[in-house]
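Everything on this sheet refers to the single structure shown next.
First listed ligand is number 1; within each ligand, the first listed atom is number 1. When reading the values below, keep in mind they use all heavy atoms of this one structure, side chains included, and skip hydrogens, waters and symmetry mates.
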Amino acid sequence: MPTYLGIETSCDETAAAVVKDGREVLSNCLLSQIDIHKQFGGVVPEVAARAHLETVNQVILEAVTESGLSFQELDGIAFTQGPGLVGTLLTGMLAAKSLAWVYDLKLIAVDHLMAHVAANYIDSEIEPPFICLLVSGGHTQIVYFRDYQNGEILGSTLDDAAGEAYDKVARLLGLSYPGGAVIDRLAQEGNKAAFKFPEGVVSGLNFSFSGLKTAVLRTVEKLPKPLPMNDLAASFQDAVCRVLVRKTILAQQQTGAKLIVLAGGVAANKTLRQTLQEQSPVPVHFPKMGFCTDNAAMVAAAAYFCGKPVDLDASVYSRQVV
Ligand code: KG4
Ligand code: ZN
């Protein structure tokens, strides 16, 4: 019955959480840096690293206190090893190493993408095999998980990630960073048939979102002001969700998987959740809202299912290890 502390500092959220057996959250603390980065329209790595350094100890202390356990009662300390920003990852890893050393606890490295997938295990009974649509700010992939540890990438984006496309389109519409949730909200009030935006034409299970972003830009340039924001958001969202849903179901059919799961920040998207659920021939599972975007509960959950025990000489990585 292991209970792990998870620490997440891969980008702009400083987070710590304690999770029992990978599925039961005892505490979940998060300090977002969004207000700091908003003024720059995106995450500034050096500023992010500094902010993590200032707050990580406090967030960890809060998470352990809230869990009702002491550090000595934990079974291990997990940290996000990558992919992410090297400077920010180092902060979380060093905090984890120090605690593991001081309290003589197991040190566990967790892959950020595997952690997003593991967010699905929290408060649920689901288990592999399944097809996972992993959609975040940095990645867009369809992955077939035969077991908890190994995922086979069946398709990826050739350019922008889905979340990145959301953030770039939000920016060109003059909306605040990060734009995904804002566009999603506006889209609920808009007409998705108002504009015909193209799905990227890419073979197989791969994706491309850069053409869609350019199509929105060209349309916006020709439109009189004020822009019909709700309709633009709804039409853009429809184009993104259409292709994500279509290819995910195609992957399900090719593999014969009996379950589809959604993961990553874009998994919070209302239209994506709804459309996939309506169109999928097999059950669809997604993480609870607060566990879609970066958080530490998913890190502590992943530590249980697919974490890697490491020594104090472990390092971080910025790009995905395939
Ligand atoms: O997984 P995440 O927190 O960080 C990365 O690992 O990248 O994902 C953040 C991304 C951002 O691009 C954000 O705009 C997007 O997820 N996002 C959304 C929604 N909520 C967050 N995109 C679409 N609809 C949403 N409701
Ligand atoms: Zn993430």
request  = Please confirm whether F130 and F145 have ring centers closer than 6.0 angstrom.
outcome  = yes

message = Are Y4 and L74 packed together at the side-chain level, in the sense that at least one heavy-atom pair is separated by less than 4.5 angstrom?
response = no

ask   = Just distances here: any N/O of H112 and N/O of ligand 1 closer than 3.5 Å?
value = yes

message = Suppose I only count heavy atoms of T293 and a 4.0 Å limit; which atoms of ligand 1 are within that range?
response = 3 (O), 21 (C)

key: Around the Zn ion (ligand 2), number of protein N/O/S atoms which are nearer than 2.8 Å   = 3

ask   = Can E13 be said to touch ligand 1, with heavy atoms closer than 4.0 Å?
value = no

Identity and distance of the protein heavy atom lying nearest atom 3 (O) of ligand 1 = D294 N, 3.0 Å

task = Look only at the side chain of E66 and the backbone of C29, and say whether a donor-acceptor pair between them is shorter than 3.5 Å.
result = no

request  = Examine the proximity of ligand 1 to V266 and report which part, side chain or backbone, both or neither, has a heavy atom under 4.0 Å away.
outcome  = both

request  = Check whether the ring centres of Y148 and Y121 lie less than 6.0 Å apart, and answer yes or no.
outcome  = yes

key: Polar atom proximity, G265 to ligand 1 (N or O, under 3.5 Å)   = yes

Neighbour count >12 (heavy atoms, 6.0 Å) for atom CZ, R50 = no

message = Treating H112 as the side-chain partner and G84 as the backbone partner, does any N or O pair qualify as donor plus acceptor under 3.5 Å?
response = no

Under 3.5 Å: donor-acceptor pair, side chain of S67, backbone of S27 = no

key: Y166/F236 aromatic ring centres below 6.0 Å   = yes

key: Any residue meeting side chain to side chain contact (heavy atoms under 4.5 Å, CB included) with S176, in chain and number order, not counting sequence neighbours   = K38, V182

note = Contacts of A115 meeting side chain to side chain contact (heavy atoms under 4.5 Å, CB included) (sequence neighbours excluded), chain-then-number -> V110, M298, V299, A302

ask   = Does some non-hydrogen atom of C11 fall short of 4.0 Å from ligand 1?
value = no

query = side chain to side chain contact (heavy atoms under 4.5 Å, CB included) with T275: which residues, sequence neighbours excluded?
reply = V245, T271, Q279

ask   = Going by atom types alone, do H52 and D12 pair a side-chain donor with an acceptor below 3.5 Å?
value = no

message = Closer than 4.0 Å to some heavy atom of G163 - which atoms of ligand 1 meet that?
response = 12 (O)

request  = Run the numbers for me: atoms of ligand 1, each under 4.0 Å from some heavy atom of G137, listed by number.
outcome  = 5 (C), 7 (O), 8 (O), 9 (C), 10 (C), 12 (O)

key: Protein contact to atom 26 (N) of ligand 1 [nearest heavy atom, distance to 0.1 Å]   = D184 OD2, 3.0 Å

key: Contact check: G180 vs ligand 1, nitrogen or oxygen atoms, below 3.5 angstrom   = yes

ask   = Considering distance alone, does some N or O of H116 sit under 3.5 Å from an N or O of ligand 1?
value = yes

query = For the side chain of H285 and the backbone of I260, is there at least one donor-acceptor N/O pair under 3.5 Å apart?
reply = no

H139 contact mode with ligand 1 (heavy-atom cut-off under 4.0 Å) = neither

task = With heavy atoms of G138 as the reference, note each atom of ligand 1 found under 4.0 Å away.
result = 7 (O)

message = How far is atom 24 (N) of ligand 1 from the closest protein heavy atom, and which atom is that?
response = N269 ND2, 2.9 Å

Which segment of D167 sits under 4.0 Å of ligand 1 when only heavy atoms are counted = side chain

note = Value for OG (S280) from CD (Q253), rounded to nearest 0.5 Å, stands at 8.5 Å

